[in-house]
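Step one of this worksheet: look at the structure below.
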Number of protein chains: 2
Amino acid sequence: MSDQEGRFREYLGAKGLRITPERQAVLTAVLGIQGHFTADQLYLRLERKNPRASRATVYRTLEHLVGSGLVDKVDLGGQQAFYENFYGREHHDHLICLGCGEIIEFTSRAIEELQDSVCREHQFEARSHSHKILGHCRKCH
Amino acid sequence: MSDQEGRFREYLGAKGLRITPERQAVLTAVLGIQGHFTADQLYLRLERKNPRASRATVYRTLEHLVGSGLVDKVDLGGQQAFYENFYGREHHDHLICLGCGEIIEFTSRAIEELQDSVCREHQFEARSHSHKILGHCRKCH
DNA sequence: GTTGAGATTGAGACTAAGTCTCGACTACTG
DNA sequence: CAGTAGTCGAGACTTAGTCTCAATCTCAAC
């Protein structure tokens, strides 16, 4: 059992939720994806597998995965939500290429600090943030 | 005729688009709104007026208003897009209260500069950005 | 002032992405 | 092993916005 699976079971158990074949299948599929993915891509991947999971279950499970911290939900600006594996990773933000759709991740300690001071100024207690920069990548100038 | 109306007419003219009563009604309604609004709120406001504008026209005109720089479209994270009057204003970002929904605007020259250097690092040519911080405002701690 | 080309309009069909419902099913506790 | 919740899937529903197309209107040219 992977660390991730252990963590997921722990999370479910702590909430009185059940470990079902469908939930395991979703987790396994998620772990097999590199980079950003949509709920629908995940669903399509599961369709051929056994056990499979319905669209509803994919969405429901994704929520639990986000809740357990294994997956991060990122709003990349389109109409659909994106997800990514988050286990053992740091928070990061995104540069999104309007030309080819490439997604480049970045982190900036300095920006985060400035962000914190903006919040202090407004006596605002930050819970999360999303910072995305749209433009053109090196290849698409 | 307000500055805004002049600018809108100029924009339309330059693109070979026409000045119609519906477009004028939308502009007038937009100018009468303070703060952030959704396309639907705008449509509802226009429903009682004469001339009125259909939902399709509201959406279409909003696009032109964004194109002309009179209105800014902001993604505040929900499923619906928000808009705000932008004439004579500077770019700014948002703190969004998860408790009461309040939207606090902020600007930070320093953050923008760091952002620019992140882009340079990745040879990324920024076109626009969106930076939002979710959390709880002073009143909602 | 009239005209005609092409832009614009509104009603409503359509789409995308996700949520909800509910009867059947199943994991887990005792 | 039984009972009780939690869970499942199919598909109806919702939301926010886009598209279609026939009827109408704007505006430049006369």
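Naming convention: chains lettered A, B, ... in sequence-line order (proteins, then strands); numbering from 1 in each chain.
- You'll find the side chain of A/Y83 stays beyond 4.5 Å of the side chain of A/V74, heavy atoms only.
- At whole-Å resolution of the value, CD in A/Q79 and P in C/dG18 are 9 Å apart.
- Here D/dT7 presents its C1' atom at 16 Å from NZ of A/K15, a figure rounded to the nearest Å.
- Two residues are said to be in side-chain contact when any heavy atoms from C-beta on lie closer than 4.5 Å; B/F124 and A/I104 meet this criterion.
- A/A25 approaches A/L46 most closely through the heavy-atom pair O-CD2, 3.6 Å.
- The separation between B/H64 atom NE2 and C/dA7 atom P is 12 Å, rounded to whole Å.
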| B/H131 vs B/H94, ring pair (Phe, Tyr, Trp, His ring centres under 6.0 Å): CA-CA, chis, key distance, verdict | CA-CA 7 Å; B/H131 191 174; B/H94 302 91; over 10 Å; no

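- What separates CG of A/L46 from P of D/dC8 is a distance of 12 Å, to the nearest Å.
- With the end axes of the helix from C/dG1-D/dC30 to C/dG30-D/dC1 each set by five pairs, the angle from one to the other reads 30° at 10° resolution.
- Atom P of nucleotide D/dG9 and atom CZ of A/R23 are separated by 10 Å, given to the nearest angstrom.
- B/Y43 places its OH atom 15 Å from the C1' atom of D/dT18, with the value rounded to the nearest Å.
- Counting only heavy atoms from C-beta on, B/R18 has its side chain closest to D/dC25 among C/dC28, D/dC25, D/dC8.
- OP1 or OP2 of D/dC8 has at least one side-chain nitrogen or oxygen of A/T20 nearer than 4.0 Å.
- Ring geometry for B/H91 versus B/H129: interplanar angle over 60°, hence perpendicular rather than tilted (30 to 60°).
- With respect to the salt-bridge test (charged N to carboxylate O, under 4.0 angstrom), the residues A/R89 and A/D72 do not qualify.
- Between A/C119 and B/L95, the closest heavy-atom pair is SG-CD2, 4.2 Å.
- With rounding to whole Å, B/D40 atom CG is found 13 Å from D/dT14 atom C1'.
- Ion pairing between a basic and an acidic side chain is recognised when a charged N comes within 4.0 Å of a carboxylate O; A/K139 and A/E102 show such pairing.
- For DNA chain C, the neighbouring residues in residues 47-62 of chain A, judged by any heavy atom under 4.0 Å, are A/A56, A/Y59, A/R60.
- Residues B/H141 and B/H136 place their aromatic rings such that the two centres sit no closer than 6.0 Å.
- Projected onto DNA chain D by closest heavy-atom contact, B/P21 and B/F82 fall at different nucleotides, the more 5' of which corresponds to B/F82.
- In this structure, B/Y83 atom OH and D/dA16 atom P are separated by 12 Å, rounded to whole Å.
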